[in-house]
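Nothing here was measured: the structure is a model prediction, and the numbers come from that model. Numbering starts at 1 and runs along the sequence shown.
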Amino acid sequence: MSVESVGQPLARTQVTAVPVEACRSCGGPRPRPFLSLGRTPIANRLLCPDDLAEPEPVFPLEVGFCASCALVQLTHALPAEEMFDAGYRSFPSSGDTPRRNADRRARELIAGRALGSDSLVVEIASGDGHLLRAFVERGIPVLGIEPSPGLASVARAIGVPTRTEFFDAGLARSLAAQGLRADVIIVDNVLAHVPDPNGFAEGVSVLLADDGIVEVDDPGVGALLDHTGFDTVRHDCFCYFSTIAADALMRRHGLYLTEVEEFSEHPGGILRWRLSRAERPGPGVGERLDRERAAGLDTFDRYASFADDVRESQAELLTLLHELRAHGRSVAAYGAAAKGAALLNSSGITTDLVQYVVDRNVDKQGKYIPGARTPILDPAVLTQRQPHYLLLLAWNVRDEIMDQQAAFARRGGKFIVPVPRPVVC
């Protein structure tokens, strides 16, 4: 699931990006910058046609490294409310994979934790409720906590009880005072979006039942490095955690890693950190920490090397697109998610190089990518005016897209996978 703006007016109170003066996690010295992607608009905020006459605010997008706790984080901060306001709503994936994954995960947790009608599953930043619905359908009590009103309303409409609030220690204490303690807390692709990791981790600790577990799914900074995934860097992603950095944060609040699971089949790479109050790490925990240290995830030099890789990747992509245009070849893109906007804007790719973006989600069609202002169209346009090449902005689901667009390939179209290095296939 991604979260995008449905096209609220751009006019708003003036917002300034504030430099981060200390590490968000350990409070150590200001993170040392290693990668700047320039000044870009907020990638999540799609534009309506009426917005095109108005200038867009842009903000510095720079990433730094904390030598004290190994946390990678943005060096400037925007208020969370600026990214997750009332104009945001859910755009679930158009594919079947998220639905299948939610169903499987619910079945596994119910069986593995012996969950029943007297249990409670809490998801923090629960979005449109598609994961919790899989528990509701099996009679397991749930609570979603989702700050975006549009998202929360979608969840409640499908029968998922949802609080429309930002999660923090204060909310956790309030829920605990009402007698609510969670047997399972799910934190799915959320940790990166938390501006105050300590307040968040404290809240998780307060809300968790004594024998409960926490599951934290996160791409992990190692995947960002391995895939040169610079399009993951956005204003709404405050932090990029390694297992090393996650362990340091959670220990501070009495939560300990028990398992680390890697879903390597996911093109972007996903880690699942399981935590409990008991410090009983499985063998995979120490192995993972050792692997990350051996890979240099606790050193500045590894991130400086990543920045060099990003610049080379962007230069190669721009060169390819310019060469295609010089030879009269047309290029469109697939996938109007925030990562696509981040890639286009940080690389300087505008409509002279990529004419339009297609996306199956009808709520996005007719809108525009922020910054680049690339129009978003129905994929049917690919048959009406087929481009020579299709740039896969949603490269993390490239196999699914290529299957969907097999007819495009049969008609002679080719795909460009931009990350980690541009490849034509």
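The nearest pair of heavy atoms linking Pro219 to Asn189 is CD-OD1, 3.7 Å. Shortest non-hydrogen contact noted between Ala102 and His130 is CB-O, 4.0 Å. Considering all non-hydrogen atoms of both residues, Arg138 and Ile110 come closest at CD-CD1, 3.5 Å. In terms of heavy-atom proximity, Arg302 sits nearest to Ala295 at CD-O, 3.5 Å. Taking every heavy atom of both residues into account, Ser313 and Pro418 meet most closely at OG-O, 3.8 Å. Ala245 approaches Ser242 most closely through the heavy-atom pair N-OG, 3.1 Å.
Of the N and O atoms on the side chains of Thr299 and Asp301, not one donor lies less than 3.5 Å from an acceptor on the other residue.
Within the model, atoms CG of Leu78 and CD1 of Ile42 stand 5.5 Å from one another, a figure rounded to the nearest 0.5 Å. Here CH2 of Trp395 is found 11.5 Å from CD1 of Ile401. Values are rounded to the nearest 0.5 Å. Note: Gln355 CD to Tyr389 OH = 13.5 Å, rounded to the nearest 0.5 Å. Here the CG atom belonging to Leu35 is positioned 8.0 Å from the CG atom belonging to Leu61, to the nearest 0.5 angstrom. The OH atom of Tyr240 sits 12.0 Å away from atom CG of Leu225, with the distance rounded to the nearest 0.5 Å. For the atom pair Leu318 CG and Gln314 CD, the distance stands at 7.5 Å (nearest 0.5 Å).
For Asp51 (side chain) and Leu47 (main-chain N/O), no donor-acceptor pair under 3.5 Å exists by modelled atom type. In this structure, the side chain of Arg398 does not engage the main chain of Ala394 through any donor-acceptor pair within 3.5 Å. In this structure, Glu146 contributes its side chain and Gly127 its backbone to a donor-acceptor pair below 3.5 Å. Put simply, the side chain of Asp128 never gets that close to the backbone of Val154: no donor and acceptor are under 3.5 Å apart. Within the 3.5 Å criterion, the main-chain N or O of Leu297 finds a donor-acceptor partner in the side chain of Tyr303. Between the side chain of His193 and the backbone N or O of Phe238 there is no donor-acceptor pair closer than 3.5 Å. A side-chain donor-acceptor contact under 3.5 Å links Ser276 to the backbone of Ala278. The backbone N or O of Ile145 lies less than 3.5 Å from a partner atom in the side chain of Ser126, making a donor-acceptor pair. Distance alone, capped at 3.5 Å, places no donor-acceptor pair between the Thr232 side chain and the Leu224 backbone. Looking only at distances, no side-chain donor or acceptor of Lys364 sits under 3.5 Å from a matching main-chain atom of Arg360.
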Full working for side chain to side chain contact (heavy atoms under 4.5 Å, CB included) between Phe34 and Val63: CA-CA 6 Å; Phe34 61 86; Val63 198; 3.6 Å; yes

Evaluation steps, salt bridge (charged side-chain N to carboxylate O under 4.0 Å, His left out), between Arg291 and Glu287: CA-CA 6 Å; Arg291 283 171 53 194; Glu287 292 172 5; over 6 Å; no

Step-by-step side chain to side chain contact (heavy atoms under 4.5 Å, CB included) determination, Arg277 to Tyr256: CA-CA 6 Å; Arg277 297 188 185 283; Tyr256 301 94; 5.8 Å; no

From CA spacing to verdict: side chain to side chain contact (heavy atoms under 4.5 Å, CB included), Thr258, Val285: CA-CA 7 Å; Thr258 60; Val285 173; 5.7 Å; no

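Between Arg105 and Asp217, at least one side-chain N (NZ, or NE/NH1/NH2) sits under 4.0 Å from a carboxylate O, which counts as a salt bridge. With respect to the salt-bridge test (charged N to carboxylate O, under 4.0 angstrom), the residues Arg373 and Glu56 qualify. Ionic pairing of Arg100 and Asp103 is not present here: no N-O contact between side-chain nitrogen and carboxylate oxygen is shorter than 4.0 angstrom. Looking at Glu259 and Arg272, no side-chain N of the basic residue comes within less than 4.0 Å of a carboxylate O on the acidic one, giving no salt bridge.
Using a 4.5 Å heavy-atom cutoff, the side chains of Val362 and Asp378 are not in contact. Side-chain contact check for Met402 versus Phe415: some heavy-atom pair is nearer than 4.5 Å. With a 4.5 Å cut-off on side-chain heavy atoms, Ser347 and Phe230 count as touching. Within the 4.5 Å cutoff, the side chain of Pro379 has no heavy atoms near those of the Gln404 side chain. Side-chain contact between Val187 and Trp273 is absent, with no heavy atoms from C-beta onward closer than 4.5 Å. Contact of the Arg288 side chain with the Leu271 side chain is registered, since non-hydrogen atoms from C-beta on lie closer than 4.5 Å. Using a 4.5 Å heavy-atom cutoff, the side chains of Tyr368 and Cys48 are not in contact. Using a 4.5 Å heavy-atom threshold, the side chains of Glu316 and Leu320 count as separate.
When Ile186, Ile140, Val121 are each tested for a side-chain contact (heavy atoms from CB on, under 4.5 Å) with Leu109, only one passes: Ile186.
Judged as a side-chain hydrogen bond (donor to acceptor under 3.5 Å, both in side chains), the pairs with a partner in residues 25-41 (not counting sequence neighbours) are, in order, Ser25-Arg252. For residues 112-126, the set of pairs meeting the salt bridge (Lys or Arg N to Asp or Glu O under 4.0 Å) definition, not counting sequence neighbours, is empty.
Here Phe306 pairs with nothing under the ring-ring contact (aromatic ring centres under 6.0 Å, His included) rule; sequence neighbours left out. Scanning for side chain to side chain contact (heavy atoms under 4.5 Å, CB included) contacts around Ala22 gives an empty result, with sequence neighbours left out.
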Please report, to 0.1 Å, the donor-acceptor pairs under 3.5 Å made by any side chain of residues 174-184, with sequence neighbours excluded.
from: Ser174; atom 1: OG; to: Gln178; atom 2: NE2; distance (Å): 3.4
from: Gln178; atom 1: NE2; to: Ser174; atom 2: O; distance (Å): 3.3
from: Arg181; atom 1: NE; to: Val206; atom 2: O; distance (Å): 3.4
from: Arg181; atom 1: NE; to: Leu208; atom 2: O; distance (Å): 3.4
from: Arg181; atom 1: NH2; to: Leu208; atom 2: O; distance (Å): 2.7
from: Asp183; atom 1: OD2; to: Leu120; atom 2: N; distance (Å): 2.9

Quick one: side chains of residues 162-172, donor-acceptor pairs under 3.5 Å with protein atoms, not counting sequence neighbours, listed by atom name and distance.
from: Thr162; atom 1: OG1; to: Val160; atom 2: O; distance (Å): 2.8
from: Arg163; atom 1: NE; to: Glu165; atom 2: OE2; distance (Å): 2.9
from: Arg163; atom 1: NH2; to: Glu165; atom 2: OE2; distance (Å): 2.6
from: Thr164; atom 1: OG1; to: Arg156; atom 2: NH1; distance (Å): 3.2
from: Thr164; atom 1: OG1; to: Arg156; atom 2: NH2; distance (Å): 3.4
from: Asp168; atom 1: OD1; to: Gly170; atom 2: N; distance (Å): 3.2
from: Asp168; atom 1: OD1; to: Leu171; atom 2: N; distance (Å): 2.9

